[in-house]
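Report on the structure given below.
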Amino acid sequence: ETGVTQSPTHLIKTRGQQVTLRCSSQSGHNTVSWYQQALGQGPQFIFQYYREEENGRGNFPPRFSGLQFPNYSSELNVNALELDDSALYLCASSQQGLGTEAFFGQGTRLTVV
Amino acid sequence: AQSVAQPEDQVNVAEGNPLTVKCTYSVSGNPYLFWYVQYPNRGLQFLLKYITGDNLVKGSYGFEAEFNKSQTSFHLKKPSALVSDSALYFCAVRDMRVSGGYNKLIFGAGTRLAVHP
């Protein structure tokens, strides 16, 4: 098991609502990334935070936003939920550096109805 | 464009037989390649990576992967499969289009490995 923990594990929301997902990084890791994994697909990069600032973003609209805190924990916020936002959301922590591997949490399964 | 392809949706193998899960990539420059495994209702677990050096990389749980630059491939292998190896396997490549230690990974669609007793 990695030291990356996510909460909650499951969540059901109604279309149009807002949701906040949380992630606690592995000790010693200063970078956190969020991925969306739709059913039957590989994870898709949402964004990355380093030293509390977003330093990279994938092809996701602005209603997907995030925060990283001084203790390197992180939040993913999604506003105006759509049915297509239903997915497994994965948090990954790592050290900065191209050759470093990312360690993933168990994910949060979000269902939008 | 940078991408990863896993040409097989599913691989079936008998327990005790060798297994191979295929991955090909397309990147600019030298690739940084990774393999992850996902068990049902779980996150991704890191198996191994290729950064530089020997083309044969050894990883967790007896898995290894062979990097082939001329064929742009990074196939995952194991000499003797176990039923417990049954899971979803993802190949990933580091997105090199952004500098500064940017940790974005580009994943393939995944290959389901089924090991039969």
Side-chain angles (χ1 to χ4, degrees), chain A residues 1-7 9-10 21 23-26 29-51 53-60 68 74 87-109, chain B residues 1-10 21 23 25 27-53 57 59-60 65 67 88-112:
Chain A
E1 295 292 335
T2 72
V4 182
T5 57
Q6 293 185 242
S7 62
T9 55
H10 296 85
L21 310 182
C23 172
S24 176
S25 299
Q26 185 162 313
H29 287 179
N30 54 19
T31 300
V32 64
S33 304
W34 286 90
Y35 289 80
Q36 181 195 66
Q37 185 180 14
L39 202 60
Q41 298 182 23
Q44 299 291 317
F45 177 80
I46 303 175
F47 45 54
Q48 174 179 289
Y49 279 81
Y50 173 62
R51 292 184 175 176
E53 290 190 3
E54 183 183 302
N55 73 340
R57 190 176 187 92
N59 295 324
F60 282 81
Q68 185 184 30
S74 177
L88 181 68
Y89 288 85
L90 296 165
C91 169
S93 76
S94 63
Q95 287 284 0
Q96 265 294 23
L98 293 171
T100 60
E101 58 270 29
F103 291 90
F104 286 80
Q106 82 282 7
T108 293
R109 172 74 62 188
Chain B
Q2 303 197 86
S3 64
V4 172
Q6 295 182 240
E8 303 154 316
D9 290 336
Q10 179 152 333
V21 182
C23 171
Y25 65 89
V27 297
S28 54
N30 294 321
Y32 290 67
L33 296 157
F34 303 81
W35 274 102
Y36 286 85
V37 60
Q38 186 175 38
Y39 295 97
N41 301 314
R42 302 292 294 275
L44 304 178
Q45 294 182 27
F46 169 75
L47 281 178
L48 49 80
K49 66 181 179 182
Y50 174 81
I51 304 302
T52 186
V57 179
S60 305
F67 172 68
L88 191 55
Y89 290 80
F90 290 98
C91 181
V93 65
R94 181 78 75 212
D95 188 339
M96 303 298 283
R97 290 172 291 183
V98 182
S99 62
Y102 190 54
N103 285 354
K104 174 184 176 180
L105 293 172
I106 300 170
F107 284 88
T111 297
R112 187 163 301 281

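Given the structure is predicted, the values throughout are model-derived calculations rather than measurements. All values below come from the heavy atoms of this structure, side chains included, with hydrogens, waters and symmetry mates left out. Residue numbering restarts at 1 for every chain, and letters A, B, ... go by the order of the sequence lines.
- Of the atoms belonging to B:Gln38, it is side-chain heavy atoms, and not backbone ones, that fall under 4.5 Å from chain A.
- Residue contact with chain A, scored on non-hydrogen atoms closer than 4.5 Å, involves the side chain of B:Tyr36 exclusively.
- Options A:Ser94, A:Ala102, A:Gly107 differ in how many heavy-atom pairs under 4.5 Å they form with chain B, and the most are formed by A:Ala102.
- Heavy-atom distances place the backbone of A:Gln41, and not its side chain, under 4.5 Å from chain B.
- Between B:Val93 and B:Pro31, the closest heavy-atom pair is CG2-CB, 4.5 Å.
- In this structure, B:Tyr39 has no ring pair (Phe, Tyr, Trp, His ring centres under 6.0 Å) partners at least two apart in sequence or on a different chain.
- In this structure, chain B has no heavy atom under 4.5 Å from any part of A:Tyr50.
- Looking at A:Gln37, only its side chain comes within 4.5 Å of chain B, counting heavy atoms on both sides.
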Assess the residue pair A:Trp34 and A:Leu90 against the criterion (side chain to side chain contact (heavy atoms under 4.5 Å, CB included)); give the C-alpha distance rounded to whole Å, side-chain angles, the decisive distance to 0.1 Å, and a yes or no.
CA-CA 6 Å; A:Trp34 286 90; A:Leu90 296 165; over 6 Å; no
Just do the side chain to side chain contact (heavy atoms under 4.5 Å, CB included) check on A:Gln36 and A:Phe60 with the steps written out, would you?
CA-CA 10 Å; A:Gln36 181 195 66; A:Phe60 282 81; 3.5 Å; yes
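- By the salt bridge (charged side-chain N to carboxylate O under 4.0 Å, His left out) test, B:Glu8 pairs with no residue at all, sequence neighbours left out.
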